[in-house]
Amino acid sequence: MKFERYGIGIARGMMVTFKHLFRHPTVSQYPEQRLNMSRRTRGNELIWNNVKCTGCVTCAKSCPQGAIHIETTVDPATNKYNVLKIEVDTGYCIQCGLCVEACPYEAIYMGYSVERAKYRRGELVQANEMLLASPDRPASGYMNPHIARELPRQTLLVEKIVEKR
Amino acid sequence: MTIKTEPFVINFGPAHPSTHGVFRMRVVLDGEVVLDLEPVYGYLHRGIEKLAEQRTYTGIIPLTDRLDYLAAMSNNLAHCIAVEKLAGIKVPERAEYLRVILAELQRLCSHLIAVGAFLNDSGAFMTPILYMLREREKILDLFEMLSGQRLTYNDMRPGGVSQDAPEEFLPALHKFVDQMPRYLDEYDQLLAKNEILLARSKGVGILSKELAINSSASGPVLRASGVKWDIRKAEPYSIYDRFEFEIPTGTAGDCYDRYLVRMLEMRQSVRIIEQAMKQFPSGEYRSRVPKLIRPPVGEVYSRIEAPKGELAFYIVSDSSIAPYRYHIRGTSLINLTALRDMIVGWKVADLIVIFGSIDICMGEVDR
Amino acid sequence: MTVSLSGTEVAKQIASQFPEAIAESSNQAVVVKTEYLLKVAEFLKNSPDFDFNYLNDMTAADYYDYFEVVFQLSSLNLNHKLMLKTRCYERLKPAVPSVCCLWRGAELMEREIYDLMGITFTGHPNLKRIVLWEGFQGHPLRKDYL
Amino acid sequence: MSSYLNQMLLQHEASVRVPPDWPGGYWFHWLFFTVVIIAFVLTIVMGFIYFERRALGRIQSRLGPNRTGPFGLLQPVADAIKVLLKEDIIPDKADKLVHWLAPIVAFFPVMLIFAVIPFQNGAMLVDLDIGILYIMAVSSVSTIGIFMAGWSSGNKYSLLGAMRAVASVVSYEIPLVLSIIGVILLSGSLSMNQIVIAQNIPFILLQPLGFLLFFISGCAEINRSPFDMLEADSEIVAGFHTEYSGMKFAMFYLVEYAEALAMSAIIATLFLGGWRGPVLPPWLWFIIKIFVVFFLMIWTRSTLPRVRIDQLMALAWKGLFPLALINLFITGVEVLLWPAGLPWLAVLINIVIMVVLLLLWSRFFKLGWGRVEI
């Protein structure tokens, strides 16, 4: 005799939902209660290091979206490139991180912050000094383990939910 | 007295709550019974195959993320394996294990969404999908820790993975794998034997074994019809030949079997991850590969078992930095071949359940 | 482990049945003439030695002089696979016989090829554009599409 | 409609028991309870909306609304304001008059139900001798409103939803009424107040099967999950109110919850002993019982998948209808055998009979597994 049609399945299912009434909710209340993001978060902007950058445009070449625009001149005295303009259209950026990976001098990083929405399309295009790192524009540890080490540890849901099943 | 009745045409989608995106079906209804059905595709066509012809082999990886966006890791893996086969790139051990772990986590992730959405379509108001999203969230945490993104990971590269796993990855994975079987038990308890679900899905939308094979169905849809075919076993790619696992198969090929096969596959995935964790080696995570890969002239058809079925890439190379022809075997699209045969004759409510049980992702259908 | 059948070996067997059919064969693939495609496909599907009951994939590539339609066949029972190709040298109105009658799975794949590559499949039950809309000019995956 | 009911009320004026200490007599009583009922329904409906959303949230491992006001208590108010300020859209192809009339037709019968529900001993608008019959008559009228809404919207999804609503309500009316008759046999009166007074033991114990049948068919009658066929959001978008917005949508929303409130109140009155209870004041007991019944509805909603329309019909005609008849027969025999006493033995017997019958029925009766041939 199979107990497939006697309402036992329904009763067992109801028990599961009833138990959840007394468990902690999984959610967190976002603006007040913030969880730490991953140390390798690819936030929605790029950070540029003007000291390390040599203007080799490897990042612009590797960008699949063509969002990075660099203009350089050659300085004949030192035989080096001089970056006149670096312009990133973060509206085109898909946060794939290939530019960071491609850069041979570690001069470009992904941003760590994610709340960078703008009201106008034009403000998404960032250039030169706007791209530099600053306290409110921290760099993320994506592809850069030495930065990752200093960032806060990621909050994990696996560790947050500890109730026994 | 006779009452004149006539069937009426109704549009399901492209903006319908349970068409999983922008799928559209023109359905001819007689009262509640579906008389005819014509799927309309193409609302999410982005021309990925054409775009890929102008990108480097590394630059394509973000595109593959956007194919089946619920299983981006698997797509990355399929692409990377295809490119490695084409260019003859070796992959270090650690990367292989990491890839298998990620691919299996991704399978869990995708199946959780599939089962949850199926149960949601069958009317269990949001509860199962929210429970399953909770588990998916834990997996996404792990992915985020590894790659920095939660949906479009862009994590694997030809010749390995982009970054090594951080030291806190394995303990977290351990915790997750410990918890997961208990949660799966809970899901089984929640709805697997529910009488209403049985009544709704047993015997509904039967896809016979012959039709399943003939219409090139793959993945859980094929296995639910009773075909023991899994590329991980049949043609072990990566290092799948080192793990012990079973291929769960259904018997009837109805919606309930498809649901059950997914639930059982999740347990097998957990099993694979456990084994991979035990054998996890140290060492290189990425072999040295030039930035611009120029594979020799040739073609390759390489397939993997993605969560939704056989995902394959057919790449023709002309030894330049971009592929000459880049074809994607969209699993979801091909699984929809037999959609009409499965649905016609059932009611509107069954249409939704059958459609939900196939588990498609519109990004992969229209590409 | 799936055995990848050698194209030349298979070509020999096909040639014993249809001596005219093979256009070219290599270790990777068999290229058959378009007019023999259906017969060869039927032979490959029904002969017990091959038993290709599963059509993995079907696609086309544009090589300027010709279109190449590529079939990936495999057998779920014998666990082997084969790459079958056919070439279509006509550029204005390329046509290839449809294999829908053998493998239903080809239905959507052929529609997709028709849509994006512009190859007509004669005998297809419902050949119309799939991802692009009716009346779209040109076929995007052709190399001359700009 | 309402003038007819006024007439009906006037005809029954003789049978109305007005408490002697009311200063204004009949009309003051009428005014007072009309205000009380409207206030009661609106506040409890808001409470229901809040309670359902919070409970669903907790069941689904989230929090539910908690932003507006303390603990999110003002969420229903915020919802109401939002919905009332929205633009009222009437589709081009709609039948405008019917489209406008539908929410009103659906809303009023629900309010009328509360006229005969006792909040306390004798505290009700009118203690009709035929109270339960009146409820059955009035409560199914709102289906007409729902059908009008579905028909007039000019939307195929709405039409499907409306058809489903009519089909399910017509079928479920029968087991609903039949399962009440057992209660009436036990109490010997159709008046709601008398039924409550007769419940020395709550009738849920004497009529367990009747309660189950009434709960199931009541859920189907007011289209709560798992029988929410007419607004099955994953199938037919939102069913009959797909094309409604703004104020009219708010009316339907109100109807939905007021119906749930009415059904909970009826169940509380018929089976759970209404306002009777120790220590606490009677009206509080009544509200507590209403919320308990409503929690049951939330609980089933959060757990169970939806049944299909033909399974819904099959369940009504093959499952609930025969069971209700058998229940009626058994109750009749019991009332004849023990006209005065032996209630605790009857409780035991009835529970045993319920278990046996349910097992038998689940053995014979099979939902689904079938394909419609065309």
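No hydrogens, no waters, no symmetry mates; every other heavy atom, side chains included, goes into these values. Sequence lines set the chain letters: A, B, ... in the order given, protein chains first and strands last, and positions in each chain run from 1. Keep in mind that this is a model prediction, so the values were computed, not measured.
- Ranked by heavy-atom pairs under 4.5 Å with chain D, the first of B:Gly123, B:Gly356, B:Pro128 is B:Gly123.
- Neither the backbone nor the side chain of D:Leu159 comes within contact range of chain B, judged by heavy atoms closer than 4.5 Å.
- With a threshold of 4.5 angstrom between heavy atoms, B:Leu351 does not approach chain D through any atom at all.
- Counting all heavy atoms, side chain and backbone alike, B:Asp121 lies closest to D:Arg306 at O-NH1, 4.2 Å.
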**Message:** Let's go through D:Arg308 and B:Val204 carefully: what are the C-alpha distance in whole Å and the side-chain angles of both, what is the deciding distance for side chain to side chain contact (heavy atoms under 4.5 Å, CB included) to 0.1 Å, and is it a yes or a no?
**Reply:** CA-CA 12 Å; D:Arg308 205 167 58 199; B:Val204 172; 3.9 Å; yes

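- Ring planes of B:His16 and D:Tyr157: tilted class, angle from 30 to 60°.
- Scanning both residues, B:Ser122 and D:Pro305, for their nearest heavy atoms gives O-CB, 3.4 Å.
- Contact detail for D:Thr303 and B:Leu191: the closest heavy-atom pair is O-CD2, 3.7 Å.
- Between B:Glu32 and D:Arg164, some side-chain heavy-atom pair lies under the 4.5 Å cut-off.
- Using a 4.5 Å cut-off on side-chain heavy atoms (C-beta onward), B:Val348 and D:Ile309 make no contact.
- For B:Asp254, no part lies under 4.5 angstrom from a heavy atom of chain D.
- Across all non-hydrogen atoms, the minimal contact from B:Tyr131 to D:Ile59 is OH-O, 2.6 Å.
- In this structure, the side chains of D:Leu304 and B:Leu197 stay at 4.5 Å or more apart for every pair of heavy atoms.
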